[in-house]
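Below is one structure; the comments refer to it alone.
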Amino acid sequence: MNVRRSAAVPAVIAVVVALAGSGSGSGPAFAASPSPSSSPSVSLPSGLYGSGDPTYDGVWRQSLALLAQDAVGVKPAASGVAWLAGQQCADGGFAAFRSDAGAACGAKTLVDTNSTGAAVQALAALGGQDAVVGKAVGWLKSVQNADGGWGYAAGGASDANSTSVVIGALAAAGEKPGEVRKGGKSPYDLLVKFALPCGGSGGGAFAYQPDKKGTLVANADATAAAVVGLLGKGFGGASAAGSATDGSLSCAKSTAPAQVARNGAAYLVQALAKDKHLTSALAGAEDQPDHGNTADAVVALAAVGEGERAADSLGWLEANSAQWAKESGPAAYAQLILAADAGSADPRDFGGQDLVSLLNSTGPAPASVPASPASSSSPSASASASASAEDDDSRFGVWWTVGVFLVAGIGIGFLLSGRRKRQQS
């Protein structure tokens with residue numbers, strides 16, 4: 001659903017994962033790698049979506065792009081699907097990007113749960129990739145932590161976002177996430193443990209993971225991810241709204257996944273109430289609207305059956321997300337398409353933009369596209385899509401700067417997953 005998750009973040013935050021030392025006592029260490037430029041440092045494969053450097057987000061953005069296309073009836077290009085499937089390592093895991101997919105993955109190939117989980121969600125939805133999906137699910141199960149969750153890297157501390165990405169992958173592959181256990185614990189157990197109790201500050205929200213002191217701090221992005229995860233759904237909220245409710249939505253003490261998910265939804269409604277959007281905060285800078293996490297919140301509320309409560313936020317995205325998506329690339333277009341789909345909006349006329357055509361223009365031509373008279377007959381839509389393809393990821397360097405300071409500011413030694421991990425109060 002990540003995630004779940006701003007989708008542009010993996011494209012702007014570069015982290016090198018190295019398992020320090022050997023033996024049972026060693027843990028993962030992380031270090032930021034040199035800043036990439038807006039021009040790719042590697043040759044762009046013909047099947048890849050987006051024109052920015054894919055080193056840190058190739059599999060992630062490809063997966064979201066294909067998943068969003070499938071959600072609106074677009075049949076992706078065979079080359080795009082083949083490129084994604086070809087990124088898999090022999091053990092079943094996926095790295096963020098492999099420039100030479102023909103070379104065997106080695107000890108220095110940094111496979112991770114977010115790339116793997118995203119790829120599984122996309123390939124399972126498209127069908128015809130059972131062998132790839134099966135191997136990937138096997139790898140994910142093999143790196144499950146004893147608390148039932150997953151961290152970004154195998155062996156890393158569990159976090160709400162990564163765990164939710166994997167839940168979506170398991171569900172997409174036909175598994176029952178609640179029955180995938182390690183040490184007697186399921187991924188639902190991990191997410192419930194990360195929920196803040198009702199009645200206190202941030203009650204109902206989820207933490208990304210406990211801080212150094214073991215304190216849970218409300219994080220809106222982690223909350224959106226966990227709500228979808230606890231419902232056993234993926235990035236698009238299973239492309240269907242949850243069951244209608246009686247209209248009540250409040251935080252209630254419970255350990256039942258469905259109720260804990262509703263508690264998280266209640267928190268999101270409160271977080272969205274003031275400005276209609278979520279906000280990202282960076283030390284020393286003014287708070288900024290967080291388009292990606294707002295889109296995730298829309299999906300989460302729809303998944304729990306509270307889509308009407310996200311209507312204002314969906315309207316805010318329609319009015320304010322065009323420039324953000326143009327600068328951020330295919331994963332951002334995909335997030336908006338999934339939010340529009342979950343919120344019963346028209347992704348082909350979203351604030352006057354055809355998100356489907358804009359996404360399609362960032363990669364290989366789809367094998368087929370459903371008839372859409374409005375988009376096919378509109379010169380402005382065609383021109384907008386062409387211009388967006390040229391400008392895709394044009395401000396990559398700006399996002400990179402933000403990402404570096406985010407990593408430096410966290411200081412907890414664990415990688416941010418495929419969404420912003422900014423704490424929301």
Side-chain angles (χ1 to χ4, degrees), residues 1-11 13 15 17 56-68 84 87-88 92-96 110-125 133 136-137 139-145 147-154 156-173 175 177-178 180 186-188 190-191 194 206 208-209 219 221-238 261 264 292-293 295-296 299-300 303 331 334-335 338 414-421:
M1 207 98 317
N2 182 197
V3 316
R4 190 187 245 143
R5 310 156 184 188
S6 167
V9 169
I13 300 179
V15 180
V17 181
Y56 308 104
D57 82 320
V59 166
W60 180 268
R61 76 192 192 206
Q62 189 83 352
S63 299
L64 264 68
L66 297 178
L67 194 61
L84 180 58
Q87 288 285 298
Q88 187 176 47
F94 284 74
L110 308 178
V111 294
D112 67 83
T113 62
N114 285 224
S115 298
T116 304
V120 167
Q121 291 194 43
L123 294 173
V133 169
V137 168
W139 181 81
L140 289 169
K141 288 182 176 181
S142 75
V143 298
Q144 185 178 18
N145 290 331
D147 58 13
W150 285 265
Y152 183 93
S158 297
D159 67 77
N161 293 63
S162 297
T163 299
S164 298
V165 173
V166 176
I167 288 175
L170 294 172
E175 299 277 345
V180 177
S186 78
Y188 295 150
L190 183 282
L191 291 180
F194 282 6
F206 291 79
Y208 168 63
Q209 59 185 192
N219 182 304
D221 182 33
T223 301
V227 166
V228 175
L230 280 171
L231 297 174
K233 298 183 178 183
F235 292 144
N293 288 351
D296 291 341
V299 171
Q335 275 188 290
L338 294 174
F414 293 102
L415 177 67
L416 301 182
S417 71
R419 300 176 187 165
R420 285 186 176 86
K421 306 300 182 295

field: Backbone N/O of F94 and side chain of T116: donor-acceptor pair under 3.5 Å
entry: yes
task: Identify the heavy atoms of F194 and Q209 that sit nearest to each other, and give their distance.
output: CE2-CA, 3.8 Å
message: Tell me the closest heavy-atom pair linking N161 and A225, and the distance in Å.
response: ND2-CB, 4.1 Å
- prompt: Which atoms form the tightest heavy-atom contact between W60 and A118, and what is the distance?
  reply: CE3-CB, 3.9 Å
query: Are K141 and E175 side-chain neighbours, meaning at least one heavy-atom pair lies under 4.5 Å?
result: yes
- prompt: Just how far is it from atom OG1 of T113 to atom CD of Q144, taken to the nearest 0.5 Å?
  reply: 11.5 Å
task: Answer whether the closest heavy-atom distance between the side chains of W139 and V111 falls below 4.5 Å.
output: yes
field: side-chain contact (heavy atoms from CB on, under 4.5 Å) partners for N145, two or more places apart
entry: D147, S158
- prompt: Atom CD of Q121 and atom CG of L170: how far apart are they, to the nearest 0.5 Å?
  reply: 9.5 Å
- prompt: At their closest point, which heavy atom of L140 faces which heavy atom of A169, and how far apart are they?
  reply: CD1-CB, 4.1 Å
message: So, using side-chain contact (heavy atoms from CB on, under 4.5 Å) as the criterion, who are the partners of A173 when residues are at least two apart?
response: V120, V133, V137
query: What's the verdict on side chain to side chain contact (heavy atoms under 4.5 Å, CB included) for Y188 and I167, showing C-alpha distance, side-chain angles and the deciding distance?
result: CA-CA 9 Å; Y188 295 150; I167 288 175; 3.8 Å; yes
query: Rounded to the nearest 0.5 Å, how far apart are OH of Y208 and CG of D159?
result: 3.5 Å
field: Student check: side-chain heavy atoms of S164 and L191 closer than 4.5 Å
entry: yes
- prompt: Considering residues at least two apart in sequence or located in another chain, which fulfil the side chain to side chain donor-acceptor pair (under 3.5 Å) criterion with S63?
  reply: none
query: Does D296 reach the side chain of D221, with side-chain heavy atoms less than 4.5 Å apart?
result: yes
- prompt: Donor-acceptor pair, S186 side chain versus G148 backbone, under 3.5 Å?
  reply: no
statement: In short, L84 meets A119 closest at the heavy-atom pair CD1-CB, 4.1 Å
- prompt: Roughly how far, to the nearest 0.5 Å, is CG of N293 from OG1 of T223?
  reply: 10.0 Å
message: How close do L67 and A122 get, counting heavy atoms only, and between which atoms?
response: CD1-CA, 4.0 Å
- prompt: Just by distance, do the side chain of Q335 and the backbone of G292 share a donor-acceptor pair under 3.5 Å?
  reply: yes
- line: Hits for side-chain contact (heavy atoms from CB on, under 4.5 Å) against A334, two or more places apart or cross-chain, chain-then-number order -> L64, A68
query: What distance separates D112 CG from W150 CH2, expressed to the nearest 0.5 Å?
result: 14.0 Å
